Amino acid sequence: IAGRLPLTRYYYCAIAQNASGAAFGAVLSFTTATGGPTVTTSAASLITAATATLNGSANPNGEATTGWFRYSTTSPGTCNDSFGTRAPSSGGSVLGSGTSPVSYSQGIAGLLPLTTYYYCAIAQNSSDVGFGAVLSFTTNSEAPTVTTAAATAVTSATATLNGAGNPNGDATTGWFRYSTTSPGTCNDSF
């Protein structure tokens, strides 16, 4: 028989019939195993240009369960435990052996700015592995880094202001501010 509910007691008996009549065996019972964890992938949070936190939850269904994530810049189509990068690389979040969903999360780093990442939550107990849906997020752009360099070609009335900027993967424009009064720290209002 298939399609039974996990952690459910079922009663059964054998029956046979011929031309002389029917015979009935004793009523016995069995309880189905817990089954694998039920997993949900949740929206990523704390997304920056290079980091994010992956979130999910899993119902251990009565067995000791561990949860982790997989992520990649290429969509796997459906969640599996072989695509992209595993987070953490081994082990995972201990989710206990209860019968209610337990939330878990994992920070990841070293991501590329303005890049879409696909990820899913995975959990495993002794019965099976459960997979959440594949979701995605896009990292933010990174603020440019800038360096002010010494002025050159300084005369009594003119100077050339110099600096350098790293766009960090996003369209960037650079400019200067100057005054006869020091602002203390650079800002775009002095």
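Quick caveat: nothing in here was measured; it's all calculated off a predicted structure. For the single chain, residues carry numbers from 1 onward in sequence order.
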Using every non-hydrogen atom in the two residues, find where [X] and [Y] come nearest and quote the distance to one decimal.
X: Ser100; Y: Asn59; answer: N-OD1, 3.5 Å
X: Thr40; Y: Ala121; answer: O-CB, 3.9 Å
X: Tyr104; Y: Ile122; answer: OH-O, 3.0 Å
X: Leu112; Y: Tyr117; answer: N-OH, 2.8 Å
X: Arg86; Y: Trp68; answer: NH2-CD2, 3.1 Å
X: Tyr71; Y: Ala87; answer: CE2-CB, 3.9 Å

[atom2] on [Y] to [atom1] on [X], rounded to 0.5 Å:
X: Leu95; Y: Ser57; atom1: CG; atom2: OG; value: 9.0 Å
X: Ser126; Y: Asp128; atom1: OG; atom2: CG; value: 10.0 Å
X: Ser182; Y: Phe190; atom1: OG; atom2: CZ; value: 7.5 Å
X: Tyr119; Y: Thr41; atom1: OH; atom2: OG1; value: 7.0 Å
X: Phe69; Y: Cys79; atom1: CZ; atom2: SG; value: 10.0 Å

### Task
Classify the side-chain pair Thr138/Thr116 by whether it contains a donor and acceptor separated by less than 3.5 Å.
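Yes - a donor-acceptor pair under 3.5 Å links their side chains.
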### Task
Please determine, by modelled atom types, if Ser103 and Asn55 share a side-chain donor-acceptor pair under 3.5 angstrom.
no
### Task
Could you check Thr78 against Phe131 for side-chain contact (heavy atoms from CB on, under 4.5 Å), going step by step and ending with a plain yes or no?
CA-CA 9 Å; Thr78 58; Phe131 300 96; over 6 Å; no
### pair Leu46-Thr51: side-chain heavy atoms closer than 4.5 Å
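SC-SC contact between Leu46 and Thr51 ruled out.
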### Message
I want to check something: taking the side chain as every heavy atom from C-beta on, are Pro88 and Gln106 in contact at a cut-off of under 4.5 Å?
### Response
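SC-SC contact between Pro88 and Gln106 confirmed.
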### Task
Evaluate the side-chain contact (heavy atoms from CB on, under 4.5 Å) criterion for residues Tyr118 and Ser72: first the C-alpha distance (whole Å), next the side-chain angles of each, then the deciding distance (0.1 Å), finally the verdict.
CA-CA 5 Å; Tyr118 299 88; Ser72 175; 5.6 Å; no
Check whether [X] and [Y] end up in the same hydrophobic cluster, where Ile, Leu, Val, Met, Phe, Trp and Tyr are linked by side-chain heavy atoms less than 4.5 Å apart.
X: Tyr11; Y: Leu28; result: no
X: Phe83; Y: Leu111; result: no
X: Tyr12; Y: Phe24; result: no

#### Entry: Worked verdict on Asn61 versus Thr38 for side-chain contact (heavy atoms from CB on, under 4.5 Å)
CA-CA 7 Å; Asn61 288 324; Thr38 307; 3.2 Å; yes
